[in-house]
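Heads up: the structure comes next, in structure tokens.
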Amino acid sequence: MKRYVFAAAMTAICLGLFCGFPPWNDQAQAASAEKFTVLNPMGTPPPIELKPMAPRLDAIEGKTIYIVNDGYPGSNILCAEMQKGFSEQFPDTTFVYKDKRGGMGGRDQALWDEMAEKADAMIIPLGH
Amino acid sequence: MRVQYIQGPVWAKTGEQLRKSVVYGKNPLTGKAVAEEIVDKLTRPLAPEDTKTGQIERDMGPPAYTGTAAELQQLFLEKRYTDFMPVILPTKELVDEMLKATSHDPDEQLGRMNPGSGAGETWTYTVKTAAINAVMAGAKPEYFPVILALGSSGQTAVNVSDNGFAAGAVINGDIRDEIGLNYEEGAVGPYAHANTAIGRAWNLLSINGGNCGKVGTTYMGTVGNAQNALALIMAENEEKSPFQPLSVRRGFRKGENVVTLFTGWGLLSAKNWKANVWQTVMDYPKIAKDIYEQQSPDLFGTLLVLSPPIANFIADDGYDTMDKFTEYVTGASAQPKPKGKAGGFGMGGGNFHVVVTGGSNNNYWMAGGMVPTRSINIDEWR
């Protein structure tokens, strides 16, 4: 008799535990063919704004190209080396090195105005 | 914009190294000279698609999917909706049950999130998005106000940083016991349902609501960070701490339910530093000061996670308030205690914060470079 009582008690405990977490059990015990409908968990990205690229140069010879350092560590060294090295490789092009104020995210309006007036193109290293 | 890829990193290289690898080097993806590719990008005529204007709306898939449990688990895995582990499938019934734990409208915008440090796109998500992700994480509805408070911050649990930032949160107030947060033995470990499910929900909301944690685009940790597997959710052991709770030190009243978010490098045993934590007689305040002085003070500063025995040793040594302890460790008075956004980049030196949690079975504790970013009242999200 004691054995049956024990078995009954264990069964009741197991059933209680099994029913304690319905989300796990419903899905775990579902017949393999049973279908669920579940919700998409994604947030909403911003729309992509398309902006036309600036017109390209017909050639770089005879042009002035600004190389702009945005201030990330090492970018100043890279930009200086690009200015020197590209001048060696493309002697008919003028490469100008400039430091941008305002860090990586800031806008340096004075530099932008200067480039609008004097530069034919610009190269700016991004990332790190 | 045409983008030229070069061999990184740039930082810490000499001019000669950069000259060789970039200026006269090759694109590691194409094998072509960098200089020639740049000229091509400057001179190649624009294609019609280069001159388009307007907006492209994003297709985020249907609002719901139907399939067997196995099919849906596979679908969620393939669509990278998960942390690579099986989830509780978010049926409408389970999500509705979760939403009953808040008075907020399911369609209310809960937050805006980008992968960190302003990098990448900023996505938006609703209370319902948070509920879906909370279900997926295995959270119980009673945890949901904490998850909403975390989501409302807009802070990602999975930062894009190539330095591999971790995220954490400290919970104060009566809600600790109400929802069964562990703040005794193993408090910083993963083996407590409330702590673990809340941390996972924050992770999943970051992945799905904020488009974070995608290796190669929005998760760029050079070696990654193991603590990104689960956001660190700690509840303070206020009852056994000799100090005012963290939330009180940040301007809230005692007992108020508050979550304080942290970001930084993560936590390690105090033994990780040069401190000898196994001597017979210990000078814990001095060890804390030594650890603080080894940390970079101007980024994340230092967070100590003290077990109650260590906290009480420190108090017994005469530093029975956080102001006294902070002044001793940093040589300056305690930091301001803002409720809102504060700390983090550019905060300057002197960043020093303490949390007391865990059991009392031995004299162990943790430390790391982590800084509080903001504290949020949880009850506002009920």
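Between A:P52 and B:T53 the shortest heavy-atom distance is CD-CG2, 3.5 Å. Looking at every heavy atom in both residues, A:L126 comes nearest to B:M1 through CD1-CE, 4.2 Å. Between B:E57 and A:P47 the shortest heavy-atom distance is OE2-CB, 3.9 Å. Closest approach of B:T91 to A:F36, counting heavy atoms only: CG2-CD2, 3.9 Å.
Only the backbone of B:T14 has a heavy atom closer than 4.5 Å to any heavy atom of chain A. For B:M136, the part lying near chain A is the side chain, with the backbone staying farther off; criterion is any non-hydrogen pair under 4.5 Å. Only the side chain of B:K128 has a heavy atom closer than 4.5 Å to any heavy atom of chain A. The contact between B:K52 and chain A is made by backbone and side chain atoms together, counting heavy-atom distances below 4.5 Å. Residue B:I6 touches chain A through its side chain alone, counting heavy-atom pairs closer than 4.5 Å. At a 4.5 Å heavy-atom cutoff, the contact between B:I38 and chain A is made by side-chain atoms alone. Contact annotation for B:R44: only backbone heavy atoms (N, CA, C, O) come within less than 4.5 Å of a heavy atom of chain A. Heavy atoms of B:N133 lying under 4.5 Å from chain A belong exclusively to its side chain. If you measure heavy-atom distances from B:A70 to chain A, you find no contacts under 4.5 Å at all. Heavy atoms closer than 4.5 Å to chain A are found in the side chain of B:I132, but not in its backbone. Interface residue B:L72: only side-chain heavy atoms are found under 4.5 Å from chain A.
Looking only at heavy-atom pairs under 4.5 Å with chain A, the residue among B:P62, B:A12, B:G54, B:G61 that has the most is B:G54. For the set B:G210, B:G67, B:A35, the entry with the most heavy-atom pairs within less than 4.5 Å of chain A is B:G67. In terms of non-hydrogen atom pairs under 4.5 Å with chain A, the most contact-rich of B:T51, B:D50, B:L18 is B:D50. Ranked by heavy-atom pairs under 4.5 Å with chain B, the list A:R56, A:Q89, A:E81, A:K63 is led by A:R56. Of the listed residues B:M220, B:R112, B:Q55, the one with more heavy-atom pairs under 4.5 angstrom with chain A than any other is B:Q55. Ranked by heavy-atom pairs under 4.5 Å with chain B, the list A:P55, A:P46, A:G74, A:A80 is led by A:P46. For chain B, the option among A:S75, A:G43, A:A59 with the highest count of heavy-atom pairs below 4.5 Å is A:G43. Interface summary for chain A: among B:Q109, B:K41, B:K79, B:E16, the most heavy-atom pairs under 4.5 angstrom belong to B:K41. Contact count versus chain A (heavy atoms, under 4.5 Å) is highest, among B:T124, B:V95, B:T129, for B:T124.
Between B:R19 and A:E88 there is a salt bridge, with a side-chain nitrogen of the basic residue lying less than 4.0 Å from a carboxylate oxygen of the acidic one.
Put simply, CG on A:D120 and CG on B:L42 are 10.5 Å apart, with the number rounded to the nearest 0.5 Å. Atom NZ of B:K92 and atom CG of A:L39 lie 8.0 Å apart (nearest 0.5 Å). Here the CD-CD1 distance, from B:E121 to A:I48, works out to 6.5 Å after rounding to the nearest 0.5 Å. The OH atom of B:Y125 sits 11.5 Å away from the OG1 atom of A:T44 when rounded to the nearest 0.5 Å.
Panel note: side chain A:N40, backbone B:M60; a donor-acceptor pair is recorded below 3.5 Å.
The number of heavy-atom neighbours closer than 6.0 Å to CZ of B:R2, taken from other residues, nucleotides and ligands shown, is above 12. Summarising the local packing, NZ of B:K26 is surrounded by 12 or fewer heavy atoms from other residues, nucleotides or ligands at distances under 6.0 Å. No more than 12 heavy atoms of other residues, nucleotides or ligands shown are found within 6.0 angstrom of CD on B:E36.
Contact of the A:V38 side chain with the B:F76 side chain is registered, since non-hydrogen atoms from C-beta on lie closer than 4.5 Å.
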